[in-house]
Amino acid sequence: MFYFFPMAKGKKSLAPRPADPPLVLTKDAQDAWDDEADVVVVGFGGAGACAALEAHAAGARVRVLDRFHGGGATAISGGVFYAGGGTHVQREAGVSDDADEMFRYLSLEVKGVVSNETLRDFCDRSVENLSWLEGHGVPFEGSLCPYKTSYPTDDYYLYYSGNEGFSPYKEAAKPAPRGHRAKGAGLPGESFYEPLRKATARVGIDVEYETRVTRLVVDGKNQVLGVEYRQVTNGFWSRLYRRLHQAGIAVVKYHPKTAAKLRERCFQIEAEHSVVKRVRAVKGVVLAAGGFIYNRAMVKEIAPKYRTGMPLGTTSDNGSGILLGQSVGGKTDLMDRISAWRFINPPEAFARGMILNQNGERYINEFMYGAAVGEAMVEHNRGVALLIINGELKKLAREQCKPGKAQWFQRAPALLNLWFNSKEAKSVEELAKVAKVPVDTLRRTLEEYNDAADGKVVDRFGKDPGKMHAMRKGPYFAIDAGIKSKRFPCPTLTLGGLVVDERTGQVMGEHGGVIPGLYAAGRNAVGVCSRQYVSGLSIADCVYSGRRAGGAAARGEVYAEMDAPPASEASPIEAKPAEGRQLEGLPVLSERQVADPSPEAHSQPGRRARKDGLYPRQSLNRSIRRPGGTTRFSGAPRGRISKRVS
């Protein structure tokens, strides 16, 4: 069969456009629709599943459309749900926590990306959202990990998944482990997602797979009426399409070129073996189709510094949901916010070493959460991260990489970097040469680090001397951990999206007001994790925003723009107590305590304005159908799609 042969070298990609211009119809064009539902959900990952379940619970007829076979990035994730405020899982582990402490901590991480009212609501609903997930079958347990790690072994399912234990966060709020990992081996994203899929099936929600939404359908007043989509022909082609996609996900981290070829086969099947349909959404459309990290042209245009990072997600993360929203005038924000995960722990021996920039200087506490390290690396140090250890730490790292001491996906890259990505040096002078940094600066940095490790001085990045290792003698080893490193890939995912009304999830318009009938959730929308990422916060936001959008769409809730408090009114790091609650003041963050003290300063002089590029403000001309007229669609078959509307 042709579909299993490689493409000719240099052949143009068959990837379809993520979104086409909207189609304008009159509301009374009944014969323009193939089917009807109260709420149509675009995307069946974590946010989409939660939106569908909440809309159904509110009494709506729900139709879900997914390009592949559901799951999205949630199903291949670590299955971590960030929850606090005193969950039963925390109590079983002997952990004391409350919503105030969670709010105070997240206020420093979120940095005003959502209003204080929304963040407070997110924290107050955390316990209930965990119970809601468990009610749908998602398993959790209270085995507490006793040490700091980027991800625990299968012995533990509750852990410190952020920066809770580091300054200045620990001074602002009592540290508590809030990373609730779904019960399952390895990366149990499926253990989190599959119960939600089964829950939708139990209640009778209609889910259409192998279905790519191509454009929104609106009326003359820009109210969203429904969607148009292409569905792969059921039977052989849909089964082959599904298997090719699943194979691509399985091999992408190890054979990205093979995965790209498998994706091209999927695109070809979509183009040649699909039919065009439309479904009307009586009450609203919820966009929950993931981020845009797999739209490499879009990443290059909006956030070029992150283009060399490894995309973390699935082919569905091509920006289609965001661009669909923009096609009808939806407003976007924080599109250049991308999370780069430079995790170096485990093995802990790596974090006991030093991370240097191109000048031979340290720039962060090496035990900080990987996304904080990645942001400091890319935004402030040109993407450079030189990990420096000595022979003693290398020996310890090998010991910590033995089976049972870390997950296989943590042990394997660590060992590969020890074997193939470390440059040895006998002296500081030789180390400076192999690392290509100034020798005087390197010597000074190493002396300062050694003195802090010995307790002679306080580390200027707040690193605990007990977590440091004096490296006064060689041999030394330099490991390239920068974003361009081919042997130490740096996973990346997008955080920005459509601006939404924070009470309903309804998409806000570029020129004010809301887009009637259109909602967004998960990584299609600006949310709690859109400024700063910690493990579990994205999935927690998917649950929170998915339920919010699904419920509001089912109830037909709409707020006027003047009633919706914009997130920008919130102070970047100010935490305000809810009515009747007293909180102590938060500390002021210094530049050397936090990876990114001023995200607003990212704009660079001379950089082309976003609106001038291809993304995300893509120029989309509308195709208009009026009573008595016809419309032809490029590449679409004749018949239903081009018939006359009366």
Side-chain angles (χ1 to χ4, degrees), residues 146-150 160 163 165-168 170 342-370 372-373 376-377 381 384-402 405-406 410 414-415 417-419 421-482 488 590 592-593 595:
Y147 52 86
K148 176 60 180 173
T149 179
S150 61
Y160 288 88
N163 294 307
F166 301 110
S167 295
K170 66 181 181 180
R342 177 39 69 220
F343 289 111
I344 60 171
N345 173 25
E348 187 182 276
F350 280 1
R352 289 178 176 271
M354 303 187 303
I355 290 180
L356 309 181
N357 60 17
Q358 68 278 4
N359 299 320
E361 302 165 327
R362 287 178 65 222
Y363 52 85
I364 197 168
N365 179 341
E366 290 79 4
F367 270 90
M368 288 285 280
Y369 181 70
V373 176
M377 172 182 74
N381 293 279
V384 176
L386 299 170
L387 176 60
I388 306 298
I389 59 175
N390 69 353
E392 295 168 338
L393 286 177
K394 182 175 183 179
K395 182 179 179 180
L396 179 60
R398 293 174 63 180
E399 180 67 25
Q400 293 171 343
C401 286
K402 289 184 177 180
K405 296 191 176 183
Q410 297 167 322
L415 289 172
N417 277 280
L418 286 172
W419 293 335
N421 192 31
S422 62
K423 297 180 179 179
E424 184 175 354
K426 302 298 184 183
S427 64
V428 174
E429 291 74 18
E430 189 177 346
L431 178 62
K433 185 176 181 180
V434 299
K436 299 179 180 179
V437 298
V439 63
D440 292 339
T441 305
L442 176 61
R443 185 180 291 108
R444 182 171 61 252
T445 299
L446 187 58
E447 289 174 354
E448 290 176 355
Y449 189 81
N450 290 337
D451 287 344
D454 290 338
K456 297 179 180 179
V457 297
V458 176
D459 181 62
R460 65 193 188 97
F461 296 103
K463 194 172 182 179
D464 187 339
K467 296 293 186 180
M468 304 174 77
H469 183 85
M471 296 182 284
R472 297 192 182 280
K473 62 179 182 178
Y476 299 99
F477 298 88
I479 297 174
D480 179 9
F488 205 157
S590 67
R592 65 186 183 186
Q593 285 177 312

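How far NZ of K394 is from CG of L418: 6.0 Å, rounded to the nearest 0.5 Å. Rounded to the nearest 0.5 angstrom, K436 NZ and D480 CG are separated by 10.0 Å. Atom CD1 in I388 sits 10.5 Å away from atom NZ in K423 (nearest 0.5 Å). Expressed to the nearest 0.5 Å, how far CZ of F477 lies from CE of M471 amounts to 12.0 Å. In this structure, NZ in K170 is found 12.0 Å from CG in N163, a value given to the nearest 0.5 Å. N417 contributes atom CG, which lies 8.5 Å from atom CG of L387 (distance to the nearest 0.5 angstrom).
Contacts of D451 classified as side-chain hydrogen bond (donor to acceptor under 3.5 Å, both in side chains), with partners at least two apart in sequence or in another chain: R472. With sequence neighbours left out, A349 forms a side-chain contact (heavy atoms from CB on, under 4.5 Å) with L393, L396, A397, Q400. Taking the ring-ring contact (aromatic ring centres under 6.0 Å, His included) definition, one finds that Y449 meets it with nothing, sequence neighbours left out.
When all heavy atoms are compared, the tightest approach of R352 to M468 is NH1-O, 3.7 Å. Closest approach of I389 and G353 over heavy atoms only: CG2-CA, 4.3 Å. The minimum heavy-atom distance linking E366 with I355 is given by the pair OE2-N, 3.0 Å. Nearest heavy atoms, F488 versus F343: CZ-O, 3.8 Å. Listed here is the closest heavy atom pair of Y363 and A376: CD1-CB, 3.8 Å. Here the shortest heavy-atom pairing between A432 and P438 reads CB-C, 4.5 Å.
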(request) Mind running side-chain contact (heavy atoms from CB on, under 4.5 Å) on F367 and D464 for me, showing each step along the way? (result) CA-CA 9 Å; F367 270 90; D464 187 339; over 6 Å; no

(message) For K473 and E392: C-alpha separation, side-chain torsions, deciding distance, then whether side-chain contact (heavy atoms from CB on, under 4.5 Å) applies.
(response) CA-CA 9 Å; K473 62 179 182 178; E392 295 168 338; 3.7 Å; yes

(message) Please evaluate residues L356 and R362 with respect to the criterion side-chain contact (heavy atoms from CB on, under 4.5 Å), reporting the C-alpha separation (whole Å), side-chain torsions for both, the decisive distance (0.1 Å), and the verdict.
(response) CA-CA 5 Å; L356 309 181; R362 287 178 65 222; 3.7 Å; yes

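A salt bridge links E429 with R443: at least one charged nitrogen is closer than 4.0 Å to a carboxylate oxygen. With salt bridges taken as basic N to acidic carboxylate O contacts below 4.0 Å, none links D459 and K467.
Remark: the backbone N or O of I479 is not paired with any side-chain donor or acceptor of S422 at under 3.5 angstrom.
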